[in-house]
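Encoded as C-alpha cells, the structure appears first; notes follow it.
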Number of protein chains: 2
Amino acid sequence: MARSSTRPTSRDVAQAAGVSQAAVSLVLGDKWRGRVSEATADRVREAARDLGYRPNLAARNLRLGRTRTVLLVVPALTTEFFAGVYTGAARVAGRHGFGVVLYPSPEGIGPARDPFASAQSALDGVIASSMAADALTAIRGDQLPLVMLDSDPDGSLGAATVNLDIADGVRQVTEHLLALGHRHFLHLAADVPSWTFEMRARELAARLAAEPGARVRTAPAPISIDGARTAAEAALSAPGPRPTAVVCDDDKLAAGACKAVRRLGLRVPDDVSVTGLDDLALATALDPELTTVRLDAELFGQRGMEALLAVLDDREPPGGDIPVELVVRGSTGPAAPATP
Amino acid sequence: MARSSTRPTSRDVAQAAGVSQAAVSLVLGDKWRGRVSEATADRVREAARDLGYRPNLAARNLRLGRTRTVLLVVPALTTEFFAGVYTGAARVAGRHGFGVVLYPSPEGIGPARDPFASAQSALDGVIASSMAADALTAIRGDQLPLVMLDSDPDGSLGAATVNLDIADGVRQVTEHLLALGHRHFLHLAADVPSWTFEMRARELAARLAAEPGARVRTAPAPISIDGARTAAEAALSAPGPRPTAVVCDDDKLAAGACKAVRRLGLRVPDDVSVTGLDDLALATALDPELTTVRLDAELFGQRGMEALLAVLDDREPPGGDIPVELVVRGSTGPAAPATP
DNA sequence: GCCTCCAAGTGTTACGTATAACCCCGCTCG
DNA sequence: CGAGCGGGGTTATACGTAACACTTGGAGGC
C-alpha cells in the first residue's frame with residue numbers, strides 16, 4: 001500500500017500494478033491500443049481505482065501547455081440571462097472535455113486581482129460579453145483566442161463574434177406597435193456604452209424614420225428597476241404630447257417603466273404600452289405580463305463555446321445570427337388617442 | 001531579446017537581467033529582502049516588465065501544491081442572490097490573493113464532467129450552498145476543506161458552516177402577520193430537500209403552535225413563478241376557510257402567489273397578504289411591492305470566504321449568524337374577516 | 001593573522017505528467 | 001538461418017517554478 005498521507009500519483013499506481021509510470025499514463029490517457037496488453041491495462045485501471053487516483057491537473061497543464069479551461073466574462077450576474085449563457089457554454093464545453101470558469105464584471109471586485117494577469121497561463125481562451133467591454137483591452141493584451149458575444153462584427157478586430165439577431169427583435173417589436181396604431185414612442189435605453197445597445201437605438205430610429213408621422217424620443221436609464229422608473233417617469237411627464245408606447249432595452253427597464261406609468265396614474269396597456277427584451281422570469285411576474293423578445297440564452301452560450309472551440313481548432317467559426325422571437329403578452333395594446 | 005514566438009519564462013527574464021533564474025524567483029516572489037541588492041532587484045523587475053513576463057500558473061501550482069483558487073458551488077444562477085454571494089466571496093478572496101471559481105448546480109450540465117473529479121488538484125477549498133446538496137457526497141469524497149452555506153450546523157460533519165439568521169427572519173414575518181390580525185396561514189414551501197427550507201417550516205409551525213387559534217397549512221411548490229402560481233391557486237381554493245396570509249419560502253414563490261391571488265379574483269393585500277424572502281429586484285417590481293426579508297447576500301459570501309480562509313489557515317472559523325431584516329411593503333395588510 | 005559572519009547571489013533539485021526514443025523477445029518470411 | 005517486424009513494454013526527458021543548499025568576497029572580531 002502506498003503512503004496514505006499524500007495523494008496517490010501515477011507512480012504509485014504504477015508500483016501497485018507492477019508496471020512503469022509511462023504505462024499508467026498510456027492506459028489512463030487511452031493511448032494504449034497496440035502498446036499495452038489488455039490484461040496489463042486492466043491491472044492498471046484496477047490499481048488506479050483502488051488507490052483513488054486522480055491525475056494532478058497542475059502537472060498535466062504544465063506538461064501539455066494548455067488547460068482545457070476557458071473563461072466566460074459576463075457584465076454582471078444579476079439576471080438569469082447570463083446564467084443561461086453559462087449553462088449552454090458549459091454543456092458544449094463538457095462534451096469536449098473543457099471546463100468553463102465564470103468571471104463576472106470587475107465592478108465590486110476591484111482591480112486588485114486582474115483575472116487576465118493570471119489567466120494567461122491558466123486559460124485556453126475567452127468568451128466575453130460586449131457589455132463587459134472595459135475588460136477588453138486587458139484581454140487583447142494577452143494573446144488568448146477570443147470570442148465576443150453580441151459585439152460589432154466589423155469593429156472587433158480579429159475576434160470571432162456570435163450574435164443574437166436582436167436587430168430583428170427590435171424590428172418585430174416596432175412592427176407590432178405600429179400595427180397597434182402607435183406613432184409616438186419613448187425609447188428607454190440602457191446607459192451602458194455597448195454596441196448591442198447602440199444598435200437597438202439605430203434600428204428603432206431607422207424603422208420609425210420610414211414611417212410617416214412616427215417619432216421617438218430617447219431616455220437613457222441605468223439598468224435597474226428604480227433607476228428606470230425614475231427616468232421613465234421624467235420622460236413621460238415631459239412637456240409635449242405623451243408617448244403611447246415605451247420600448248425598453250431590456251425587461252428590467254420595462255419593469256421600471258411599468259411602475260412609472262402606474263405612478264403617473266396611468267394604466268398599462270390602456271394608456272401606455274410597454275415592451276421589454278430578454279423574456280426573464282420577471283416578464284411573467286408583472287401584471288399585466290410583459291410583451292417582450294425572447295432570447296435563447298442557452299443557445300447563445302452554446303454557439304459561443306462552439307465558436308471558441310473552432311478557433312482553438314484553427315477552423316472557421318460558424319457564422320449566422322441566432323433568431324429571436326417576439327412574445328406578445330398583456331403589456332401592449334391599441335394606441336390611446338393622442339393627448340396634448 | 002528572447003525568442004518572441006513563445007511566452008517569456010522566468011529564465012528569459014534572468015538572462016535579460018543578467019542574473020540567475022533563482023534570483024528572478026526571489027525578487028518577483030518578494031522574498032529578496034537581505035538576499036538580493038536593491039539595484040539587482042530593480043534590474044530584474046525592469047526586465048520582467050519589458051518582456052511582459054507573466055508567471056506560468058500551472059508550473060507554480062505544481063511546485064507549490066496549491067492553487068489559491070476555491071470553488072463556490074451554488075444551486076443555480078437564476079437569481080441575483082447568488083450573484084451577491086459570489087461578489088462578496090470574490091472580494092475577500094482577492095484581498096488574500098485567492099480566486100473564486102463558480103460551479104452552478106449540476107442540472108443542465110450533466111454528469112459528463114464532474115467538477116470534483118478534476119477539482120481536487122486544481123482547488124484549495126470549496127464553499128457550497130446547502131441547496132446543492134446532491135453534490136455533497138462528491139465533495140466529501142475529496143478531502144478538500146469545505147464551508148457550507150446555510151446548512152445544519154450540527155449535521156454537516158466536520159465542515160464549517162456559515163448561516164444567515166433566517167429563523168429570525170421567519171419569526172419576524174410571523175410576528176408581523178400576527179400583529180396584523182392574521183390567524184390562518186398558508187406556507188408556500190420550496191419543494192427542495194434542504195435544511196434551510198425545513199428549518200423555515202419548523203420555525204413557522206413552532207411560533208403558530210404557541211398562538212391560540214392560529215393554524216397553518218403547507219403547500220410545496222417548485223421554485224418558479226408559474227409552478228408557485230399553480231400550487232398557490234390550488235391551495236387557496238381548497239375547501240375550508242381560505243388563508244388570509246401566504247408565507248413564501250422566497251420571493252419567486254411570492255411572485256407566483258400574488259399571481260394566484262389575482263387569478264382567483266382576489267386582491268393583495270386586501271383579501272390575502274403575501275410575504276417573500278430574499279428581497280430580490282423582483283420584490284419591488286411587483287405591484288404592490290412585496291413585504292419580504294432582506295438577506296445580505298454579499299456579506300454572506302464574504303463570511304463564507306473568511307471562514308474558508310480560516311480553515312485553510314488552521315484557525316477556528318468565526319461563528320455567529322448573519323442578521324436579516326424584515327422589509328414591510330405593500331403586499332401585507334390587516335387580515336380580512338374570516339370567510340367560510 | 002585567522003576565524004567567523006553576512007550580504008549577495010548561484011547551482012540544483014523536485015513537483016507529476018505525457019511522450020519521444022529506445023529495448024527486448026518471439027515469430028515470420030525470404 | 002538471419003533479417004525484419006510488431007507487440008509489449010521501459011527509460012529518460014522536459015514543461016516553469018520555488019526553495020534548499022551551497023559559494024564567494026569582503027568586513028569585522030579577537
Side-chain angles (χ1 to χ4, degrees), chain A residues 2-3 5-45 47-48 51-68 97 117-118 120-122 124, chain B residues 2-3 5-45 47-48 51-68 97 117-118 120-122 124:
Chain A
R3 61 239 158 131
S5 67
T6 184
R7 286 183 43 208
T9 74
S10 62
R11 211 177 312 271
D12 294 330
V13 175
Q15 192 172 344
V19 297
S20 73
Q21 178 265 332
V24 173
S25 184
L26 288 174
V27 171
L28 267 38
D30 229 30
K31 307 242 175 231
W32 57 283
R33 41 223 149 190
R35 325 242 309 120
V36 175
S37 73
E38 195 88 39
T40 308
D42 279 346
R43 277 210 330 279
V44 168
R45 278 190 287 255
L51 291 174
Y53 169 72
R54 302 285 171 86
N56 181 314
L57 284 195
R60 173 178 293 172
N61 292 342
L62 176 58
R63 176 71 235 258
L64 295 178
R66 74 202 140 84
T67 58
R68 309 227 120 205
S118 46
Q120 214 173 349
S121 57
D124 285 356
Chain B
R3 63 232 159 138
S5 68
T6 182
R7 286 184 40 208
T9 74
S10 62
R11 209 177 313 270
D12 295 329
V13 175
Q15 193 172 343
V19 296
S20 71
Q21 180 267 333
V24 174
S25 182
L26 286 174
V27 171
L28 268 37
D30 228 31
K31 307 246 173 221
W32 58 281
R33 40 225 151 187
R35 324 246 306 121
V36 175
S37 74
E38 196 88 39
T40 309
D42 279 345
R43 279 213 325 284
V44 168
R45 278 189 287 254
L51 293 173
Y53 169 72
R54 301 286 171 87
N56 182 314
L57 284 196
R60 174 178 291 173
N61 292 342
L62 175 59
R63 177 71 240 256
L64 296 177
R66 73 203 140 85
T67 59
R68 309 224 122 207
S118 46
Q120 214 174 351
S121 57
D124 284 358

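Numbered from 1 within each chain, the chains take letters A, B, ... in sequence-line order. The analysis underlying the following values was restricted to heavy atoms, covering all of them including side chains, and did not include hydrogens, waters or symmetry mates.
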Quickly work out the L28(A) CG to dG16(C) C1' distance and round it to whole Å. 13 Å
Quickly work out the L51(B) CG to dG16(D) P distance and round it to whole Å. 14 Å
If you define the side chain from C-beta out and look only at heavy atoms, does anything of Y53(A) sit under 4.5 Å from R45(A)? no
Could you tell me which non-hydrogen atom of V27(A) sits nearest to which non-hydrogen atom of V36(A), and how far apart they are? CG2-CG1, 4.2 Å
Sidechain-backbone polar pair: D12(B) side chain, T9(B) backbone, donor-acceptor under 3.5 Å: yes
Distance check needed: dA20(C) P versus K31(A) NZ, whole Å only. 10 Å
In whole angstrom, what separates N56(A)'s CG from dC15(D)'s P? 18 Å
Any base atoms under 4.0 Å from R60(A), or only sugar-phosphate, or nothing? Heavy atoms, all strands. sugar-phosphate
Taking the side chain of T9(B) as heavy atoms from C-beta outward, which of dT17(C), dG16(D), dT10(D) is closest to it? dG16(D)
Could you tell me which non-hydrogen atom of D124(B) sits nearest to which non-hydrogen atom of R68(B), and how far apart they are? OD2-N, 2.8 Å
Could you tell me how far apart R54(B) (CZ) and dT17(D) (C1') are, to the nearest whole angstrom? 17 Å
So what does S20(A) hit on the nucleic acid, given a heavy-atom distance under 4.0 Å: a base, only sugar-phosphate, or nothing? base
Find which nucleotide of DNA chain C each of R35(B) and L26(A) is nearest to by heavy atoms, and output the residue with the more 5' nucleotide. R35(B)
Quick one: is dA7(C) close enough that its OP1 or OP2 comes under 4.0 Å of any side-chain N or O from S37(B)? no
R11(B) side chain vs Q21(B) backbone, donor-acceptor pair below 3.5 Å: no
Can you check whether T40(A) has a side-chain N or O nearer than 4.0 Å to OP1 or OP2 of dG8(D)? no
Distance, rounded to the nearest Å, where Q15(A) contributes CD and dG16(C) contributes C1': 15 Å
Identify, between V19(A) and G34(A), the residue whose nearest nucleotide on DNA chain D lies closer to the 5' end. G34(A)
What's the CZ-C1' distance between R68(B) and dT17(D), to the nearest Å? 16 Å
With a 4.0 Å cut-off on heavy atoms, is S25(B) in touch with a base, just the backbone sugar-phosphate, or nothing at all? base
If I take atom CG in residue D42(B) and atom C1' in nucleotide dA8(C), what distance separates them, rounded to the nearest angstrom? 15 Å
If you pin G18(B) and A59(B) to their nearest nucleotides in DNA chain C, which one's is more 5'? G18(B)
Considering every strand and a 4.0 Å limit on heavy-atom distances, what is the contact class for L64(B): base, sugar-phosphate, or nothing? sugar-phosphate
Would you mind telling me which of dG16(C), dG11(C), dT19(C) lies closest to the side-chain atoms of A22(B)? dG11(C)
